[in-house]
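Only this structure's heavy atoms are used, side chains among them; waters, hydrogens and symmetry mates stay out. Every number for a ligand or one of its atoms is a count from 1 in the order of the listing.
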Amino acid sequence: MTIQSGTHAIESMQLEERRYPPPPEFAKNANAKADIYNKPLEDFWREEAQKRVSWFKPFDRVLEWKLPYAKWFLGGKLNVCYNCVDRHVEAGRGDKVAYYWEGEPVDQKRTITFKDLQAEVVRFANALKKLGVKKGTPVGIYMGMVPELPVAMLACTRLGAPHTVVFGGFSADSLAGRLNDMECELLITQNEGLRKGNPVPLKKNADAALDQTPTVKKAVVLRRTPSDTPMKDGRDIWWQDLVKDASTDPKTCPCEEMDAEDLLYLLYTSGTTAKPKGIVHTTAGYLVGTATTHHYIFDIKPDSIYWCAADIGWVTGHSYIVYAPLCNGTTGVIYEGVPDFPDKDRWWSIIERYKVDVLYTAPTAIRTHMKWGPEYAKKHDLSSLRLLGTVGEPINPEAWIWYRENVGGGKTPVVDTWWQTETGMILITPLPGVTTLKPGSATKPFPTVEAAVYNDAGEEVGPGGGGYLVLKRPWPAMLRGIFKDHDRYVQTYWSKFKDVYFAGDGARIDENGDFWLLGRVDDVMNVSAHRISTIEVESALVAHPKVAEAAVCGRADKQTGQAIVAFVTLRGGAEGSPEMLRELRAFVGEKIGKIAAPANIVFTPDLPKTRSGKIMRRLLRDVAENRPLGDTTTLADPAVVSEIDRRAKTEAAKEEASA
Ligand code: WTA
């Protein structure tokens with residue numbers, strides 16, 4: 001078993017003895033009490049579905065499980081936008097704030113009530129209708145963190161049009177691949193985003209993508225900045241022009257009645273091949289699963305001010321910025337920019353200003369704040385915080401403790417939540433009023449979720465042993481497959497072991513039944529809590545005309561969790577140079593997105609291969625993990641290259657001997 005970033009986690013796990021039982025006051029008022037674990041699966045989810053969601057027609061059955069596909073809440077009819085927006089207004093909560101939005105420029109702020117949100121969504125949905133969008137029309141969305149992003153998503157769900165949101169940091173090629181796979185007919189984008197005071201050329205990327213996407217006939221472009229933006233006649237329309245005459249009256253655009261199992265959205269995620277997988281999420285199970293976990297895990301109260309600091313372009317933002325919090329009628333915060341603009345205390349000023357009580361972010365962000373030092377948090381009154389959460393990668397106990405001490409004032413519980421794009425909702429997590437916390441452990445499966453750790457032979461591993469994380473029964477928000485690719489769905493998740501879902505993560509269970517996640521066990525890297533496939537980066541590199549071969553792996557990185565290391569052989573025996581290195585990083589940035597640009601590139605005359613011609617990835621990983629490659633790009637270190645060479649020869653000799 002190869003655990004890429006596991007060694008640290010294992011070591012720290014053995015040393016980690018600290019325990020944090022729930023504070024008594026918190027436990028007394030908590031949404032989840034200990035008996036929540038006692039209910040049978042169908043009873044639990046039937047009750048939650050009735051409590052948390054409004055149905056146009058009630059469901060007849062809770063679950064149909066025909067491995068490897070589950071259906072939930074069969075026969076039920078509902079609309080996600082109705083649940084997230086309209087019903088709150090109808091119930092007299094229209095003046096409650098849905099989102100506090102902060103633009104990256106400090107003087108740009110908006111307060112959006114549920115009534116405002118309804119008006120904007122209805123207006124935009126009416127405008128989309130004029131462009132021919134209706135139930136079933138696939139729509140692509142490529143935007144930054146502006147309020148119009150959730151508005152666009154909700155307008156689609158109002159009409160029953162499935163969307164795919166593509167993270168604004170992805171390149172034109174990545175965007176085109178996704179639009180083509182889903183056969184989108186329309187793209188919603190914006191002229192520019194903002195990042196650290198600089199424009200992000202979203203429309204320019206979109207233009208390059210749309211040259212390669214024959215199915216996309218129209219592009220709606222939100223004007224975010226005053227810059228000049230070329231518009232293509234007959235294809236591009238300004239958002240602001242489009243909505244001018246559209247009605248904001250909800251009666252002019254009723255919420256489409258959707259079946260429980262109708263497609264809600266696709267979200268593409270990296271797998272172990274170069275082609276991203278279109279993860280399928282449907283309507284009712286997804287909404288019930290995310291709203292329920294949001295309520296119990298984040299202990300959401302009617303007056304909560306909740307901030308999930310992820311990007312809406314990732315699943316964390318879909319589930320826990322948009323759909324779950326709005327379904328629960330929660331007030332949320334959306335921040336457009338980076339944490340150090342204009343200074344490193346931006347996050348803490350936001351928490352102080354809105355009196356945020358729940359903060360949810362990724363370990364990589366916490367480590368960045370750690371590096372900057374606690375003085376930035378100290379400048380602000382963070383006493384409103386009651387609860388902290390993390391997601392996206394294993395959290396090292398040191399960062400966990402830092403977060404609790406310096407952000408949570410040494411008193412707040414910290415919930416480390418494990419889940420995936422595929423799972424749609426959090427599956428392994430503490431419940432803050434019930435669970436005794438252990439820094440570095442995601443603790444227990446959520447009620448009704450059955451997780452286990454298997455060894456290579458497919459046997460369940462007892463307490464203390466490491467192995468592969470599997471899930472033994474369905475949960476409402478689980479993926480309903482990979483879009484247009486049944487075989488890959490079966491192959492990826494249901495073939496490694498019989499009848500259980502294989503998550504692709506290594507894990508360990510301790511003597512109390514608590515789970516410790518150990519990182520990916522496949523060829524997927526986790527950089528700043530983003531999934532990137534090694535093969536995807538390799539294919540991008542070899543697409544460069546000067547590259548003969550490339551092998552990519554992750555190495556542990558203090559800040560980003562993992563960092564990408566590329567070993568590259570140039571064509572014609574050319575030697576690497578600093579220019580070449582910059583060129584390749586930029587090239588990968590263009591092909592996939594900046595987050596996929598290797599931190600280190602090692603130019604080597606040959607890649608180490610087995611006799612059968614397979615690149616010895618494990619060896620390269622080893623080299624990458626154990627050599628001081630530096631925090632940023634390093635050029636070929638002769639010592640590294642000769643080590644690769646020497647070790648490859650030893651390996652080959654071993655193979656020879658055993659043949
Ligand atoms: C990793 C993000 C350890 C894991 C919601 C998983 C975690 C992948 C945790 C999914 C956690 C997520 N502890 N590892 N609390 N949360 N992961 O699809 O490797 O972007 O398989 O979904 O992130 O990443 P994805």
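Among the candidates Y323, Y286, Y265, F167, the single residue satisfying the ring pair (Phe, Tyr, Trp, His ring centres under 6.0 Å) test with H318 is Y265. Results of the side chain to side chain donor-acceptor pair (under 3.5 Å) test with Y468 over N455, D456, D505 single out D456 as the only residue that passes. The residue from T290, T293, T417 that alone fulfils the side chain to side chain donor-acceptor pair (under 3.5 Å) condition with Y320 is T293.
Taking a 6.0 Å sphere around NZ of K484, one finds it holds more than 12 heavy atoms contributed by other residues, nucleotides or ligands. With a 6.0 Å radius and a threshold of 12 heavy atoms from other residues, nucleotides or ligands, K411 has its NZ atom above the threshold.
In this structure, Y335 has its ring center no closer than 6.0 Å to that of W348.
Near ligand 1, V315, T316, V391, G392, E393, P394, D416, T417, W418, W419, Q420, T421, D505, L517, R520, N526, R531 each place a heavy atom less than 4.0 angstrom from the ligand.
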